[in-house]
Amino acid sequence: MTNIQPLTSEEVLAKQVQENSKQSEDRIAVSNLPVAVPSTPQPAPAPPAKDQKKESQELKRAGFTYRMPVGVHLLSFVYLEIFIALFLYAVGLVALRASSGPLELAEIGSVVSRDTGIAIVLSLAMTIFIISGREILRKSAIGIAVVLAGILSYQLYMAISNFVDASVATLLSMAFFSVFVFAGIAVSAAGIILMLVTIIYLSRKKIATIYE
């Protein structure tokens, strides 16, 4: 038969102290464990300016289609229409001259005026330069527009001066030709407006950043 001895108060106290000591050691061990600190996402470093420009240029392209503002397409279309009109005008003059007799290649220069030929070349060049998306061609288009604006302004000034200085008798005697004078003034004025629109539009900072 097992003999169970009652615990004395000293033994109970010692056992309680031992348990409290063990619990304290367990708490210290747990507190010493490394605590996982949630990592704060760091902002990605900003790409260099070259990379940003290259990325923006890549975003401008979708497949093989170059995305340009509507204004660029409209402006290029206007110059294309001018080129087509002048080209058909020159072809009509050559065809009219050829209908009256044999026409040699060297005689075409005398049929189509030099100014008309230059206007045909420049209108085609402006069409390509504006829609190209190239920075150097954009600046070239602005330079051409500045030169043409100066030339057309001088021609408009001379046409108005000659018209104002003409006497009433001269105007009456040249009533039929005055129509062409007014047409020339109107064309010069319209050309100046077109050149100014081209210069202002292509010089805008928002438009300039689109060109490579």
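All values below come from the heavy atoms of this structure, side chains included, with hydrogens, waters and symmetry mates left out.
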Take atom OH of Tyr201 as the centre, draw a 6.0 Å sphere, and report whether it contains more than 12 heavy atoms from other residues, nucleotides or ligands.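 Yes.
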
Kindly work out whether a path of hydrophobic side-chain contacts (I/L/V/M/F/W/Y, heavy atoms less than 4.5 Å apart) joins [X] to [Y].
X      : Y      : value
Ile142 : Val147 : no
Leu196 : Ile160 : yes
Leu88  : Phe77  : no
Val187 : Met195 : no

So, [X] side chain and [Y] main chain: donor-acceptor pair closer than 3.5 Å or not?
X      : Y      : answer
Ser123 : Ile120 : yes
Tyr211 : Ile130 : yes
Ser140 : Ile136 : yes
Ser188 : Ile185 : no

Where is the tightest heavy-atom contact between Ile199 and Val146, given as atom of each residue plus distance?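 Scanning both residues completely, I find the closest heavy atoms to be CD1-CG2, 3.6 Å.
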
Interatomic distance, [X] atom [atom1] to [Y] atom [atom2] [nearest 0.5 angstrom]:
X      : Y      : atom1 : atom2 : result
Leu74  : Met68  : CG    : CE    : 12.0 Å
Leu75  : Leu80  : CG    : CG    : 11.5 Å
Leu137 : Met126 : CG    : CE    : 11.0 Å
Phe83  : Leu122 : CZ    : CG    : 11.5 Å
Ser153 : Met158 : OG    : CE    : 13.5 Å
Leu124 : Ile84  : CG    : CD1   : 10.0 Å

For Ile82 and Leu194, what are the C-alpha separation, side-chain angles and deciding distance, and is it a side chain to side chain contact (heavy atoms under 4.5 Å, CB included)? CA-CA 11 Å; Ile82 295 174; Leu194 178 60; 3.6 Å; yes

With a 4.5 Å limit on heavy-atom distance, are the side chains of [X] and [Y] in contact?
X      : Y      : result
Ile131 : His73  : yes
Thr198 : Leu148 : no
Phe129 : Ile144 : yes
Leu156 : Leu152 : no

